[in-house]
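What follows is a single structure, written as C-alpha coordinates, with notes after it.
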Amino acid sequence: MEHSLETLQSCPSCGHDSFKNILSCIDYTYSKDAFYLVECTSCKLLFTNPRPDELAIGKYYDSPEYVSHTDTNSGLLFTLYGIVKRYTLKQKRKTLESLSNEKNILDYGAGSGDFSNELVQNNWTVSAYEPDGNARKKIEEKNSKINLVGQLPEVGTESKSVITLWHVLEHVHRLNETIKEFHRILKNDGILVIAVPNHTSFDASYYQTDWAAYDVPRHLYHFNPATLETLMSANGFLLHEIKPMWFDSYYVSLLSEKNISNPGILKTAFGWIRAFLFGSYSNIKTIVATKNCSSVTYVFKKAL
Ligand SMILES: [Zn+2]
(Lines give C-alpha, C1' and ligand atoms only; values in the text may rest on other atoms or scores of the structure.)
Protein backbone atom coordinates (compact mmCIF):
# COMPACT_ATOMS: atom_id res chain seq x y z
CA MET A 1 0.00 0.00 0.00
CA GLU A 2 1.18 3.51 -0.83
CA HIS A 3 1.79 5.65 2.24
CA SER A 4 2.38 9.35 2.67
CA LEU A 5 3.62 9.68 6.22
CA GLU A 6 4.84 12.92 7.74
CA THR A 7 7.22 13.05 10.70
CA LEU A 8 6.60 15.97 13.04
CA GLN A 9 9.77 17.71 14.19
CA SER A 10 7.98 19.95 16.69
CA CYS A 11 5.20 19.25 19.18
CA PRO A 12 1.76 19.98 17.64
CA SER A 13 0.70 21.59 20.94
CA CYS A 14 3.65 23.60 22.34
CA GLY A 15 6.21 23.53 19.51
CA HIS A 16 8.96 21.90 21.60
CA ASP A 17 11.33 19.68 19.60
CA SER A 18 12.21 16.78 21.89
CA PHE A 19 10.05 13.66 22.29
CA LYS A 20 10.40 10.20 23.73
CA ASN A 21 8.91 6.96 22.41
CA ILE A 22 6.16 5.66 24.67
CA LEU A 23 4.26 2.90 22.86
CA SER A 24 3.92 1.11 19.55
CA CYS A 25 0.30 0.48 18.47
CA ILE A 26 -1.25 -1.47 15.60
CA ASP A 27 -3.87 -0.05 13.23
CA TYR A 28 -6.35 -2.90 13.82
CA THR A 29 -9.09 -1.36 11.69
CA TYR A 30 -7.46 -0.77 8.35
CA SER A 31 -3.78 -1.09 7.49
CA LYS A 32 -2.54 -3.44 10.29
CA ASP A 33 0.60 -1.25 10.32
CA ALA A 34 2.37 -0.19 13.53
CA PHE A 35 2.51 3.46 14.59
CA TYR A 36 4.54 5.04 17.40
CA LEU A 37 3.13 7.20 20.15
CA VAL A 38 5.64 9.77 21.34
CA GLU A 39 5.47 12.13 24.31
CA CYS A 40 6.58 15.76 24.18
CA THR A 41 9.20 16.19 26.92
CA SER A 42 7.92 19.73 27.60
CA CYS A 43 4.06 19.74 27.62
CA LYS A 44 3.73 15.90 27.91
CA LEU A 45 1.29 15.64 24.99
CA LEU A 46 1.16 12.10 23.59
CA PHE A 47 0.86 12.02 19.80
CA THR A 48 1.16 9.68 16.83
CA ASN A 49 4.47 10.19 15.02
CA PRO A 50 5.05 9.68 12.13
CA ARG A 51 1.45 10.07 10.95
CA PRO A 52 -0.37 10.06 7.59
CA ASP A 53 -0.52 13.59 6.19
CA GLU A 54 -3.79 15.40 5.50
CA LEU A 55 -4.11 13.94 2.00
CA ALA A 56 -3.24 10.37 2.97
CA ILE A 57 -5.42 10.07 6.10
CA GLY A 58 -8.69 9.62 4.16
CA LYS A 59 -8.02 6.06 3.14
CA TYR A 60 -7.47 4.98 6.76
CA TYR A 61 -11.17 5.62 7.38
CA ASP A 62 -12.09 3.36 4.49
CA SER A 63 -13.31 0.39 6.53
CA PRO A 64 -16.81 -1.02 7.03
CA GLU A 65 -15.87 -1.43 10.69
CA TYR A 66 -15.29 2.27 11.19
CA VAL A 67 -18.50 2.95 13.05
CA SER A 68 -18.50 6.70 13.46
CA HIS A 69 -18.87 7.36 9.75
CA THR A 70 -21.55 4.80 9.01
CA ASP A 71 -25.02 3.86 10.14
CA THR A 72 -24.32 0.13 9.91
CA ASN A 73 -26.55 -1.88 12.20
CA SER A 74 -25.46 -5.52 11.92
CA GLY A 75 -24.29 -7.65 14.82
CA LEU A 76 -24.92 -7.34 18.53
CA LEU A 77 -22.18 -4.74 19.06
CA PHE A 78 -23.66 -2.43 16.42
CA THR A 79 -27.19 -2.94 17.75
CA LEU A 80 -26.09 -2.02 21.27
CA TYR A 81 -24.09 0.87 19.86
CA GLY A 82 -27.25 2.14 18.14
CA ILE A 83 -29.36 2.00 21.31
CA VAL A 84 -26.70 3.75 23.40
CA LYS A 85 -26.16 6.31 20.62
CA ARG A 86 -29.83 7.37 20.64
CA TYR A 87 -29.73 7.78 24.41
CA THR A 88 -26.46 9.72 24.48
CA LEU A 89 -27.53 12.08 21.65
CA LYS A 90 -30.38 13.24 23.84
CA GLN A 91 -28.12 13.52 26.90
CA LYS A 92 -25.59 15.60 24.96
CA ARG A 93 -28.31 17.98 23.78
CA LYS A 94 -29.66 18.37 27.32
CA THR A 95 -26.16 19.11 28.61
CA LEU A 96 -25.80 21.93 26.07
CA GLU A 97 -29.24 23.30 26.92
CA SER A 98 -28.31 23.41 30.61
CA LEU A 99 -25.12 25.36 29.78
CA SER A 100 -26.29 27.76 27.05
CA ASN A 101 -29.33 30.03 26.77
CA GLU A 102 -28.85 30.49 23.04
CA LYS A 103 -29.44 27.61 20.62
CA ASN A 104 -26.89 28.52 17.97
CA ILE A 105 -24.16 25.98 17.29
CA LEU A 106 -21.26 24.91 15.11
CA ASP A 107 -21.02 21.09 15.20
CA TYR A 108 -17.43 20.57 14.09
CA GLY A 109 -16.75 17.10 12.65
CA ALA A 110 -20.42 16.27 12.41
CA GLY A 111 -19.88 12.75 11.00
CA SER A 112 -23.11 11.43 9.51
CA GLY A 113 -25.06 14.23 11.20
CA ASP A 114 -26.92 12.45 13.99
CA PHE A 115 -26.14 15.05 16.62
CA SER A 116 -26.83 17.98 14.27
CA ASN A 117 -30.16 16.35 13.42
CA GLU A 118 -31.07 15.87 17.08
CA LEU A 119 -30.45 19.59 17.63
CA VAL A 120 -32.34 20.83 14.56
CA GLN A 121 -35.33 18.77 15.64
CA ASN A 122 -35.23 20.63 18.95
CA ASN A 123 -35.20 24.13 17.49
CA TRP A 124 -31.46 24.72 17.37
CA THR A 125 -29.83 26.70 14.55
CA VAL A 126 -27.12 24.32 13.36
CA SER A 127 -24.04 24.85 11.23
CA ALA A 128 -22.12 21.62 10.62
CA TYR A 129 -18.59 21.06 9.38
CA GLU A 130 -17.57 17.63 8.04
CA PRO A 131 -14.58 16.98 5.74
CA ASP A 132 -15.67 13.51 4.54
CA GLY A 133 -17.70 13.61 1.32
CA ASN A 134 -19.80 10.51 2.03
CA ALA A 135 -20.64 11.72 5.51
CA ARG A 136 -21.63 15.14 4.12
CA LYS A 137 -24.03 13.44 1.72
CA LYS A 138 -25.65 11.66 4.68
CA ILE A 139 -26.06 14.96 6.53
CA GLU A 140 -27.82 16.47 3.51
CA GLU A 141 -30.14 13.49 3.26
CA LYS A 142 -30.87 13.51 6.98
CA ASN A 143 -32.06 17.07 7.37
CA SER A 144 -32.00 19.97 4.91
CA LYS A 145 -32.15 22.46 7.79
CA ILE A 146 -28.57 21.63 8.78
CA ASN A 147 -26.34 24.33 7.30
CA LEU A 148 -23.19 22.62 5.96
CA VAL A 149 -20.16 24.91 6.05
CA GLY A 150 -17.10 24.49 3.81
CA GLN A 151 -14.15 25.86 5.76
CA LEU A 152 -13.89 27.64 9.12
CA PRO A 153 -12.85 31.06 7.70
CA GLU A 154 -16.34 31.18 6.10
CA VAL A 155 -17.94 31.20 9.57
CA GLY A 156 -18.57 34.66 11.04
CA THR A 157 -16.53 36.09 13.93
CA GLU A 158 -18.26 35.75 17.34
CA SER A 159 -21.25 34.19 15.57
CA LYS A 160 -21.80 30.97 17.58
CA SER A 161 -22.89 30.49 21.18
CA VAL A 162 -21.80 26.83 21.22
CA ILE A 163 -19.13 24.84 19.37
CA THR A 164 -18.98 21.05 19.82
CA LEU A 165 -16.35 18.47 18.91
CA TRP A 166 -17.55 14.98 19.84
CA HIS A 167 -14.50 12.74 19.45
CA VAL A 168 -13.10 15.00 16.75
CA LEU A 169 -10.17 17.05 18.07
CA GLU A 170 -7.93 13.95 18.12
CA HIS A 171 -8.40 13.74 14.31
CA VAL A 172 -7.55 17.34 13.41
CA HIS A 173 -4.21 17.85 11.59
CA ARG A 174 -3.82 21.61 12.04
CA LEU A 175 -4.37 21.66 15.77
CA ASN A 176 -3.47 25.16 17.02
CA GLU A 177 -4.69 26.83 13.82
CA THR A 178 -8.11 25.18 14.18
CA ILE A 179 -8.48 26.00 17.89
CA LYS A 180 -7.63 29.65 17.14
CA GLU A 181 -10.49 29.65 14.63
CA PHE A 182 -12.85 28.34 17.33
CA HIS A 183 -11.75 31.24 19.53
CA ARG A 184 -12.58 33.70 16.74
CA ILE A 185 -15.96 32.12 15.91
CA LEU A 186 -17.22 31.68 19.48
CA LYS A 187 -19.18 34.48 21.14
CA ASN A 188 -17.44 35.92 24.21
CA ASP A 189 -19.90 34.22 26.57
CA GLY A 190 -20.09 31.02 24.49
CA ILE A 191 -18.96 27.47 25.31
CA LEU A 192 -16.60 25.13 23.49
CA VAL A 193 -17.36 21.46 24.22
CA ILE A 194 -14.67 18.90 23.48
CA ALA A 195 -15.03 15.14 24.04
CA VAL A 196 -11.89 13.02 23.65
CA PRO A 197 -10.55 9.68 24.93
CA ASN A 198 -8.39 9.79 28.04
CA HIS A 199 -5.17 7.77 27.91
CA THR A 200 -4.75 8.05 31.69
CA SER A 201 -8.00 6.10 32.27
CA PHE A 202 -8.06 2.67 33.93
CA ASP A 203 -9.05 0.86 30.72
CA ALA A 204 -6.15 2.53 28.84
CA SER A 205 -3.65 1.44 31.47
CA TYR A 206 -5.13 -2.07 31.49
CA TYR A 207 -5.25 -2.67 27.71
CA GLN A 208 -1.98 -0.79 27.03
CA THR A 209 -1.04 -1.03 23.36
CA ASP A 210 -4.36 -2.78 22.53
CA TRP A 211 -6.51 0.02 23.99
CA ALA A 212 -9.04 0.66 21.21
CA ALA A 213 -9.14 4.42 21.74
CA TYR A 214 -5.53 4.81 20.61
CA ASP A 215 -7.02 4.03 17.20
CA VAL A 216 -3.82 4.81 15.26
CA PRO A 217 -3.27 6.44 12.87
CA ARG A 218 -6.73 8.07 12.80
CA HIS A 219 -6.15 9.47 16.31
CA LEU A 220 -3.28 11.91 15.89
CA TYR A 221 -3.23 12.98 19.57
CA HIS A 222 -3.92 11.13 22.81
CA PHE A 223 -5.04 13.64 25.42
CA ASN A 224 -5.44 13.54 29.16
CA PRO A 225 -7.02 16.31 31.26
CA ALA A 226 -3.66 18.01 31.87
CA THR A 227 -2.35 18.02 28.29
CA LEU A 228 -5.68 19.18 26.86
CA GLU A 229 -5.93 22.01 29.37
CA THR A 230 -2.36 23.12 28.53
CA LEU A 231 -3.19 23.19 24.82
CA MET A 232 -6.45 25.07 25.28
CA SER A 233 -5.15 27.66 27.72
CA ALA A 234 -2.33 28.50 25.28
CA ASN A 235 -5.12 29.32 22.81
CA GLY A 236 -7.15 31.53 25.14
CA PHE A 237 -9.59 29.06 26.71
CA LEU A 238 -10.27 28.28 30.36
CA LEU A 239 -11.59 24.93 31.59
CA HIS A 240 -15.07 25.39 33.02
CA GLU A 241 -16.27 21.85 33.64
CA ILE A 242 -15.36 18.14 33.16
CA LYS A 243 -17.96 15.44 32.57
CA PRO A 244 -17.25 11.69 32.43
CA MET A 245 -18.68 9.63 29.54
CA TRP A 246 -19.85 6.42 31.21
CA PHE A 247 -20.74 4.35 28.16
CA ASP A 248 -17.39 4.86 26.50
CA SER A 249 -15.67 2.66 29.10
CA TYR A 250 -17.80 -0.30 27.98
CA TYR A 251 -17.59 0.38 24.29
CA VAL A 252 -13.84 0.93 24.30
CA SER A 253 -13.33 -2.19 26.48
CA LEU A 254 -15.35 -4.28 24.01
CA LEU A 255 -13.33 -3.02 21.06
CA SER A 256 -10.11 -3.57 23.01
CA GLU A 257 -11.10 -7.19 23.74
CA LYS A 258 -11.61 -7.57 20.01
CA ASN A 259 -8.13 -6.15 19.35
CA ILE A 260 -6.56 -8.66 21.75
CA SER A 261 -8.32 -11.74 20.44
CA ASN A 262 -9.02 -10.67 16.89
CA PRO A 263 -11.79 -11.17 16.01
CA GLY A 264 -13.71 -14.16 17.47
CA ILE A 265 -13.81 -13.08 21.12
CA LEU A 266 -17.04 -11.12 20.82
CA LYS A 267 -18.76 -14.25 19.54
CA THR A 268 -18.16 -15.74 22.99
CA ALA A 269 -19.73 -14.77 26.31
CA PHE A 270 -16.22 -14.70 27.76
CA GLY A 271 -15.17 -11.64 25.76
CA TRP A 272 -18.35 -9.75 26.62
CA ILE A 273 -18.04 -10.56 30.33
CA ARG A 274 -14.41 -9.44 30.39
CA ALA A 275 -15.27 -6.19 28.62
CA PHE A 276 -18.20 -5.59 30.98
CA LEU A 277 -15.99 -6.15 34.03
CA PHE A 278 -13.15 -3.92 32.84
CA GLY A 279 -15.57 -1.24 31.64
CA SER A 280 -17.33 -1.31 35.01
CA TYR A 281 -14.07 -1.23 36.92
CA SER A 282 -12.99 1.79 34.88
CA ASN A 283 -16.27 3.51 35.73
CA ILE A 284 -15.93 2.71 39.45
CA LYS A 285 -12.50 4.32 39.34
CA THR A 286 -14.15 7.29 37.63
CA ILE A 287 -16.65 7.70 40.48
CA VAL A 288 -13.63 8.17 42.74
CA ALA A 289 -11.95 10.62 40.34
CA THR A 290 -13.74 12.00 37.26
CA LYS A 291 -10.44 12.46 35.48
CA ASN A 292 -10.00 8.66 35.27
CA CYS A 293 -12.87 8.13 32.82
CA SER A 294 -12.20 6.36 29.52
CA SER A 295 -13.52 9.41 27.65
CA VAL A 296 -14.11 12.86 29.02
CA THR A 297 -16.25 15.81 27.92
CA TYR A 298 -14.59 19.15 28.62
CA VAL A 299 -16.45 22.45 28.65
CA PHE A 300 -14.23 25.46 27.88
CA LYS A 301 -14.99 29.18 27.98
CA LYS A 302 -13.01 32.06 26.51
CA ALA A 303 -10.47 33.59 28.86
CA LEU A 304 -11.44 37.26 28.65
ZN1 LIG B 1 4.59 19.88 23.68
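For reference, positions follow the sequence shown, starting with 1. Both ligands and their constituent atoms are indexed starting at 1 by order of listing.
With respect to Thr157, the side chain to side chain donor-acceptor pair (under 3.5 Å) criterion is satisfied by exactly one of Arg184, His183, Lys187: Arg184.
Ordered by chain and number, Cys11 SG, Cys14 SG, Cys40 SG, Cys43 SG make up the set of protein N, O or S atoms under 2.8 Å of the Zn ion (ligand 1).
You'll find the ring centres of Phe47 and Tyr221 outside the 6.0 Å limit.
The pair Glu97-Arg93 meets the salt-bridge criterion, with a side-chain N (NZ, NE, NH1 or NH2) lying under 4.0 Å from an Asp/Glu carboxylate O. A salt bridge between Asp27 and Arg218 is present, with a side-chain N of the basic residue lying under 4.0 Å from a carboxylate O of the acidic one.
Distance alone, capped at 3.5 Å, places no donor-acceptor pair between the Glu229 side chain and the Ala226 backbone.
If you check the side chains of His171 and Tyr61, you find a donor sitting under 3.5 Å from an acceptor.
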